[in-house]
Student: 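Okay, here's the structure, questions in a sec.
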There are 2 protein chains.
Amino acid sequence: MTNIKKVSELAGVSTATVSRTLKSPDQVSQATREKVLEAVKAAGYRPNWLASSVKSGRSNTIVVLVPNLVNPFFMRIIGGIEQAAQEKGFSVLLGDTQGSPEREHEYASMVLTNRADGLIQLDHSFPFSAADADLAEDLPMVSVCERIASEKKYPVIELDNYAASRALAHHLLGYGHKHFAAIVGQISSQIYRERLAGIRSVLQEEQIPFEQAQITGGAYTIEAGIAGVEHLLSLPQRPTAIFCFNDDIAIGAVHAIKKAGLRVPEDISVVGFDNIKVSAFIDPPLTTVDQPAYDMGRRAVEVLVSQIRGEPLVRSKEVLPFQLIERESSGPAPL
Amino acid sequence: MTNIKKVSELAGVSTATVSRTLKSPDQVSQATREKVLEAVKAAGYRPNWLASSVKSGRSNTIVVLVPNLVNPFFMRIIGGIEQAAQEKGFSVLLGDTQGSPEREHEYASMVLTNRADGLIQLDHSFPFSAADADLAEDLPMVSVCERIASEKKYPVIELDNYAASRALAHHLLGYGHKHFAAIVGQISSQIYRERLAGIRSVLQEEQIPFEQAQITGGAYTIEAGIAGVEHLLSLPQRPTAIFCFNDDIAIGAVHAIKKAGLRVPEDISVVGFDNIKVSAFIDPPLTTVDQPAYDMGRRAVEVLVSQIRGEPLVRSKEVLPFQLIERESSGPAPL
DNA sequence: TTCGCGCATGTAAACGGTAACATTGACACA
DNA sequence: TGTGTCAATGTTACCGTTTACATGCGCGAA
């Protein structure tokens, strides 16, 4: 391993001069600078990142906790995280948790051991173990989409899920639908509550009933969408419009509806959430709510980095704009 | 920051004893061990990972270069990488390159600066900059799917693309197709050459022509699939079967074919590659080649870690099995 | 009783940088 | 000529661990 000492000997200067040449070249005379740079090149020297980090006490790394890597919506967020992190000189450690608390604990503890300076949580759980909880008190942590379940309020970058659900509901009401159902994702999350509340508020205003039996699901997967539709089609009153809490669920729902010999949207309208890439290209293209995933990731990094730098928190909650994307999976209610 | 010194003072022992208690407890008497562990708990001490890494010279980190985060096939590979890395005590740094050489250089250089111990490349380029190339000579690097373009042969975990393409070709020939086309992904890659060679070899055996005009594309995207079909439909002889070099392209192709008023597979059969999740649930479900993406990721880590440990290389090339998944996007050639 | 062995622990030198402080010398100015 | 200033460089302490080596002590064997 070529280290700074070898370079300093090669150049006939002290290690400090080598360090200065690389970190603050203007403090070094041009003559020695050239000498040193030549020695650096000759030795093939690259500064040891671990060593400088240990000195500075900062790893310039953030860890991102993702419940599911294959979800393209999360990946778009992570794309934004990556981009912003790189611009700010941070690198991104990937923490694929698969929803397992043990995994979350493990990744979260990286912030306690100086392996990372902060963490971004894409799920809604408080990621630290009970043993670490008190140490985690003032650590830089930001959540995206979901709010972290803890007394302390960590900053969150989110969507106005309530308003977005209301927009979807109004969209479907406009088509004359009267029988609604929902296939939800993770239960007990903030998203679950807000979206459901949004739907309920609109339906209540119109005096349209919306019972617990019409709410099914429990995971953000295609399979959950299929199972959800199978359940809903077995109900005495078949819904004519289904809210799916993400596009994966909606894709499964559309698939199952067609498989049952029904048509989308002629028999049942389906709306999703997230606007993942493929949603525009399935048959029929999905009506959905676009979330600015990339920007949410970017923003999360900006907030996190300012926390890491110890800057005061401006807002603990940022709500980014959604956009209702009307496509062909929703249409007039059947007569 | 609570460090080992604070703990040692609290426990009334030396820092060495604290370190030993945590790293090799059997060298410490039970009495002091308990004393130390209590002090650790009282101080809320967590060893500084940066410091131990600088000492050991190993970061126990690998960096993964991905051309495109939103591609679910890559994400399945990365899922396998993550899992295996965690089991082996490594963490994963994410390098979203977007195909940009500068980004690749930047991430690759992390291995030179001890920020990572090795790298996994999912693209086919040699990721180091020209300036770093000679230093990169003996660095642990493994590629998945694609072979790295360099004189030195780095280990690669791949699929038998030639045989898989032959299988797809035979599948379509069995349906009586005579007019083929291909929408390819990245040109100039190993995959491009092998898959095309596989297709060509089968068609040649059957004396079926396959001209350059029938080969289009250039990116692994839905849009490329759409553009590809638009081009192919403008040809004097319309193909009855299209090889798409991944499922995203195939999804775009199916979309465009339907949009043109044609049916899949009655008018045109479409086959893909990768077997991403959604392929089974679009209309019609895609015939495709399943790649064991997760296992490829796992295997890549195993090979990489053994390289990092300096173990001798067993095989420089591992070929994992594919599986032809016959679904409904392929069928009998139209009369 | 003395010697030697081995366990438990302490001391201090690493690891590879960075940066505060010290030193040197050139130069300007009185 | 003496003094002060400043730029360029060297010296050295330090970041937080780990670990080779040193020390001390108890105990069994001779």
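No experiment lies behind these values; they were computed from the predicted model shown. In what follows, chains carry the letters A, B, and so on, assigned in the order in which the sequence lines appear, proteins first and then strands, with residues in each chain numbered from 1.
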Student: If you only use heavy atoms from C-beta on, which nucleotide in C:dT9, C:dT18, D:dT9 is closest to the side chain of A:V28?
Tutor: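 So the side chain of A:V28 is nearest to D:dT9.
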Student: Check the distance between D:dA8's P and A:Q30's CD and give it to me in whole angstrom.
Tutor: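 After rounding, the reported distance stands at 11 Å.
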Student: Do A:R103 and B:Q86 have side-chain atoms, one donor and one acceptor, less than 3.5 Å apart?
Tutor: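 Result is yes, a qualifying pair exists.
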Student: If the threshold is 4.0 Å, N to carboxylate O, is there a salt bridge linking A:E87 and A:R298?
Tutor: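 So A:E87 pairs with A:R298 through a salt bridge.
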Student: Work out which heavy atom in A:L122 is nearest to a heavy atom in A:F74; give both atom names and the distance.
Tutor: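 Nearest pair, atom of A:L122 first, then A:F74: CD1-CD2, 3.8 Å.
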Student: In this structure, how many angstroms lie between the P atom of C:dC7 and the CZ atom of B:R33, rounded?
Tutor: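 It is 15 Å, rounded to the nearest whole Å.
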Student: Phosphate oxygens OP1/OP2 of D:dA8: is one of them under 4.0 Å from a side-chain N or O of A:S29?
Tutor: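 No.
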Student: Provide, to the nearest angstrom, the distance between the CD atom belonging to A:Q27 and the P atom belonging to D:dT9.
Tutor: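 For the pair A:Q27 CD and D:dT9 P, the rounded distance is 11 Å.
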Student: Does B:E137 pair with B:K152 as a salt bridge, N-O distance under 4.0 Å?
Tutor: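 The answer is no: the pair does not qualify as a salt bridge.
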Student: Of all the choices, D:dG16, C:dT9, D:dT9, which nucleotide is nearest to the side chain of B:N3 once you look at every atom?
Tutor: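 Closest nucleotide among those given: D:dG16.
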Student: Report yes if a side-chain nitrogen or oxygen of B:S56 is closer than 4.0 Å to either non-bridging phosphate oxygen (OP1 or OP2) of D:dT17; otherwise report no.
Tutor: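 No, no such contact exists.
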Student: Taking the side chain of B:N48 as its heavy atoms from C-beta onward, which of D:dG16, C:dG10, D:dT11 lies nearest to it?
Tutor: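 The answer is D:dG16.
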Student: State which of C:dG17, D:dC15, C:dT9 makes the closest approach to the side chain of A:S52.
Tutor: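 Of the options given, the side chain of A:S52 lies nearest C:dG17.
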Student: Measuring from the side chain of B:V54 (C-beta onward, heavy atoms only), which nucleotide among C:dC15, C:dT11, D:dT9 has the closest atom?
Tutor: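 Looking only at side-chain atoms, B:V54 lies closest to C:dC15.
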Student: From the set C:dG17, C:dA19, D:dT9, return the single nucleotide nearest to any side-chain atom of A:A16.
Tutor: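 That would be C:dA19.
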Student: Choose from C:dT9, D:dG16, C:dG17 the nucleotide whose nearest atom is closest to any side-chain atom of B:R20.
Tutor: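 Nearest to the side-chain atoms of B:R20, counting from C-beta on, is C:dT9.
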Student: Nearest to the side chain of A:T15 - D:dT19, D:dT12, D:dT9?
Tutor: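 Looking only at side-chain atoms, A:T15 lies closest to D:dT12.
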Student: Whole Å only: how far is the CG atom of B:L50 from the C1' atom of D:dC14?
Tutor: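 To the nearest whole Å, that distance equals 15 Å.
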Student: Kindly say whether, by distance alone, the side chain of A:K55 makes a donor-acceptor pair under 3.5 Å with the base of C:dT18?
Tutor: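 Answer yes: a donor N or O sits under 3.5 Å from an acceptor.
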Student: Would you say a side-chain N or O of A:T17 is under 4.0 Å from OP1 or OP2 of D:dG10?
Tutor: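 Yes, A:T17 has a side-chain N/O under 4.0 Å of OP1/OP2 on D:dG10.
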Student: Are OP1 or OP2 of D:dT18 and a side-chain N or O of B:K23 less than 4.0 angstrom apart?
Tutor: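 For D:dT18, OP1/OP2 do have a side-chain N/O of B:K23 under 4.0 Å.
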Student: It should be established whether B:S53 places a side-chain nitrogen or oxygen under 4.0 Å from OP1 or OP2 of nucleotide D:dT17.
Tutor: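 No.
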Student: List the atom of A:K6, the atom of A:T2, and the distance in Å for their closest heavy-atom pair.
Tutor: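 Where A:K6 meets A:T2 most closely, the heavy atoms are NZ-CA, 4.4 Å.
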Student: Tell me whether A:R46 is salt-bridged to B:D132, with the criterion being a basic N under 4.0 Å from an acidic carboxylate O.
Tutor: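 A salt bridge links A:R46 with B:D132.
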Student: For the side chain of A:S14, starting at C-beta, report the closest nucleotide among D:dT17, C:dT9, D:dG10.
Tutor: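 Given the options D:dT17, C:dT9, D:dG10, the side chain of A:S14 is closest to D:dG10.
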Student: Separation of B:K6 atom NZ from D:dT17 atom P, in whole Å?
Tutor: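 Distance check: B:K6 NZ to D:dT17 P gives 11 Å.
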Student: Of the nucleotides C:dT11, D:dG10, C:dG17, which has the atom closest to the A:A51 side chain?
Tutor: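 Closest of the options to the side chain of A:A51: C:dG17.
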Student: Expressed in angstrom and rounded to an integer, what is the separation of B:L22 atom CG from C:dT9 atom C1'?
Tutor: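 B:L22 atom CG is separated from C:dT9 atom C1' by 15 Å.
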Student: Does D:dT9 have its OP1 or OP2 closer than 4.0 Å to a side-chain nitrogen or oxygen of A:T32?
Tutor: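 Yes, such a contact exists.
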Student: In whole Å, what is the span from the CZ atom of B:R58 to the P atom of D:dT18?
Tutor: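 One finds 16 Å between P of D:dT18 and CZ of B:R58, rounded.
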Student: For A:K5 and D:dT11, give me the distance from atom NZ to atom P, rounded to whole Å.
Tutor: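 It is 12 Å, rounded to the nearest whole Å.
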